[in-house]
2 protein chains.
Amino acid sequence: MLSNSSKYAIKAVLFLALNSSEENKIRVKEIAEPINVPQAYIAKLLQDLSRENIISSLRGPKGGFYLTNENKNNSILNIIVVIDGDKKLKACMLSLDKCNETNPCPLHDMLNNSRDEILKKLKHKTIKDLALSVKLGKSFLPL
Amino acid sequence: MLSNSSKYAIKAVLFLALNSSEENKIRVKEIAEPINVPQAYIAKLLQDLSRENIISSLRGPKGGFYLTNENKNNSILNIIVVIDGDKKLKACMLSLDKCNETNPCPLHDMLNNSRDEILKKLKHKTIKDLALSVKLGKSFLPL
DNA sequence: TCTTAAATATGATTTTTGTCATATATTTTT
DNA sequence: AAAAATATATGACAAAAATCATATTTAAGA
Ligand code: FES
Ligand code: FES
């Protein structure tokens, strides 16, 4: 469902949401270790996210990655779309060209409602929402 | 969510459910074309399914693949597990080692219900069920 | 202005997944 | 018993995803 890369990206963005701010930027090295992802790999993903304005960055000494308030209002879906593209999540379960109600594949009726549920939730839940849930101790980020 | 391979496998098994029987075996060549999958590739998948008794086969002249009634009672999930393994579907959305209610990752509460729904449906829906839905014109198999 | 610390761009390498090819074993037919 | 038609086993090859490496650009600070 989610690629390895987008899982990593979500973890990194959440980490930034919890630990960074415009005044407190975080170097890639300091992100990679706590979220347990190879540094060179997460660096590339962060660059993709930065290019698409999901996160913010500044280079040079005292530089690093951080989230503005605006960044924090991005949905989780946005992260996934930047990293994986938008085809994966919406594609038919059996790879029919067009997935719709009038020409459903045998799995469509069984699975499409749940799939749409997930999509809707990913679209409406923001970085800020999830960061709050961690802050309140309702969920946990991996070491 | 589903690998390409398991999509192919489901299509092939459904095709067999609709067109084969113990008295009417179907050669791999005759399966590959209508479901639009390379012959050598679907052959390998069918062998995996046969080895795990999801489908039946007989070699030699007049041989081929077919489904017994018992085969038709297999769940869709069984097909997926044989082809993809059981880790993919059950894994945590953020790849935490253990995915459970007491130590949820930030996506768990949001997505786990829908995910379990899907799992449950895949587990209970049988080959026979889906074949019937196609037979009744409620869903369609790709050319 | 020079040095240094950081992100960025680019691409090489490795691993996994998907695809193709071929030699072998089994069953039926003659 | 021999020949033919089929699945089976095995592995080679290709494409995609994940991982690693390095040279370049930018900003801060001395
Ligand atoms: S047509 Fe296959 S999931 Fe919609
Ligand atoms: S802990 Fe991540 S989905 Fe359950």
Side-chain angles (χ1 to χ4, degrees), chain A residues 1-13 16 20 22-33 35-67 71 80 82-85 87-88 91 95, chain B residues 1-13 16 20 22-33 35-67 71 80 82-85 87-88 91 95:
Chain A
M1 173 119 78
L2 300 188
S3 72
N4 230 323
S5 293
S6 53
K7 290 180 180 186
Y8 289 171
I10 292 170
K11 285 205 290 184
V13 171
L16 285 173
S20 84
E22 191 135 10
E23 304 78 39
N24 183 25
K25 308 187 184 65
I26 303 190
R27 283 163 290 170
V28 58
K29 190 184 189 173
E30 296 164 338
I31 301 174
E33 200 216 347
I35 68 173
N36 210 27
V37 174
Q39 171 170 341
Y41 192 32
I42 196 64
K44 182 175 274 192
L45 297 176
L46 289 171
Q47 285 159 28
D48 292 340
L49 294 169
S50 177
R51 197 176 311 116
E52 299 293 329
N53 295 110
I54 307 290
I55 68 179
S56 304
S57 66
L58 184 72
R59 37 186 171 181
K62 304 294 274 177
F65 295 95
Y66 62 100
L67 298 191
N71 289 149
I80 298 169
V82 165
I83 302 296
D84 285 349
K87 279 165 293 187
K88 296 241 174 55
S95 297
Chain B
M1 175 117 78
L2 301 189
S3 73
N4 230 323
S5 292
S6 54
K7 291 180 179 186
Y8 288 172
I10 292 171
K11 286 206 289 183
V13 171
L16 285 173
S20 83
E22 193 135 9
E23 304 79 39
N24 183 25
K25 308 186 184 66
I26 304 191
R27 284 164 288 170
V28 59
K29 190 185 192 173
E30 295 163 339
I31 301 174
E33 200 216 345
I35 69 172
N36 209 28
V37 173
Q39 170 169 344
Y41 191 31
I42 196 65
K44 182 175 274 191
L45 298 176
L46 289 170
Q47 284 158 30
D48 292 341
L49 294 169
S50 177
R51 196 177 312 114
E52 299 293 330
N53 295 110
I54 307 290
I55 68 179
S56 304
S57 66
L58 185 71
R59 38 186 172 181
K62 303 294 273 177
F65 294 95
Y66 62 100
L67 298 190
N71 289 149
I80 298 169
V82 165
I83 303 295
D84 286 348
K87 279 164 293 186
K88 295 242 174 56
S95 297

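So you know, we letter chains A, B, ... as the sequences are listed, proteins then strands, and number each from 1. It should be emphasised that the depicted structure is a prediction, and the values quoted were computed from it without experimental measurement.
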Sugar-phosphate, base or nothing in reach of B:I26, heavy atoms under 4.0 Å: sugar-phosphate
Sub-4.5 Å side-chain heavy-atom contact between B:S95 and A:Y8: no
Whole-Å gap separating P (D:dT19) and CD1 (A:I42): 10 Å
Nearest-neighbour nucleotide for the B:S3 side chain, C:dG18, C:dA7, D:dA18 considered: C:dG18
Full working for side chain to side chain contact (heavy atoms under 4.5 Å, CB included) between A:K7 and A:I10: CA-CA 5 Å; A:K7 290 180 180 186; A:I10 292 170; 5.9 Å; no
Any B:S50 side-chain N or O less than 4.0 Å from OP1/OP2 of D:dA7: no
Presence of B:K88 side-chain N/O under 4.0 Å of C:dT17 phosphate oxygens OP1/OP2: yes
Protein-nucleotide distance (A:Q47, atom CD; C:dA9, atom P), rounded to Å: 6 Å
Every protein N/O within reach of nucleotides 27-30 of chain C N/O, cut-off under 3.5 Å:
{"residue": "C:dT27", "atom": "O4'", "partner": "B:R59", "partner atom": "O", "Å": "3.4"}

Close side-chain approach of B:V37 to B:I31, heavy-atom, < 4.5 Å: no
A:K62 and A:K25: CA distance, side-chain angles, deciding distance, side chain to side chain contact (heavy atoms under 4.5 Å, CB included) verdict: CA-CA 7 Å; A:K62 304 294 274 177; A:K25 308 187 184 65; over 6 Å; no
Reported CD1-to-CG distance for the pair B:I83 and B:N4, which is rounded to 0.5 angstrom: 12.0 Å
Step-by-step side chain to side chain contact (heavy atoms under 4.5 Å, CB included) determination, A:L16 to A:N71: CA-CA 10 Å; A:L16 285 173; A:N71 289 149; over 6 Å; no
Selection from C:dG18, C:dT19, C:dA7 that lies nearest to any side-chain heavy atom of B:S5: C:dG18
Interatomic distance, B:L2 CG vs C:dG18 P [rounded to whole Å]: 11 Å
Euclidean distance, atom NZ of residue B:K29 to atom P of D:dT8 [Å, nearest integer]: 18 Å
Nearest-angstrom distance from the residue atom OH of A:Y66 to C1' of C:dA6: 13 Å
Check: D:dG11 base within 3.5 Å donor-acceptor of B:K44 side chain: yes
Rounded distance in Å - CD (A:Q39) to C1' (D:dT22): 13 Å
N or O in side chain of B:Y8 less than 4.0 angstrom from C:dT19 OP1/OP2: yes
OP1 or OP2 of C:dA9 under 4.0 Å from side-chain N/O of A:R51: yes
Between D:dA9 (C1') and B:L45 (CG): distance, integer Å: 15 Å
Presence of B:S57 side-chain N/O under 4.0 Å of D:dT6 phosphate oxygens OP1/OP2: no
Length of the line joining A:D84:CG and D:dA16:P, which is rounded to integer Å: 15 Å
Side chains of B:Y66 and B:N24 in contact at under 4.5 Å (non-hydrogen atoms): no
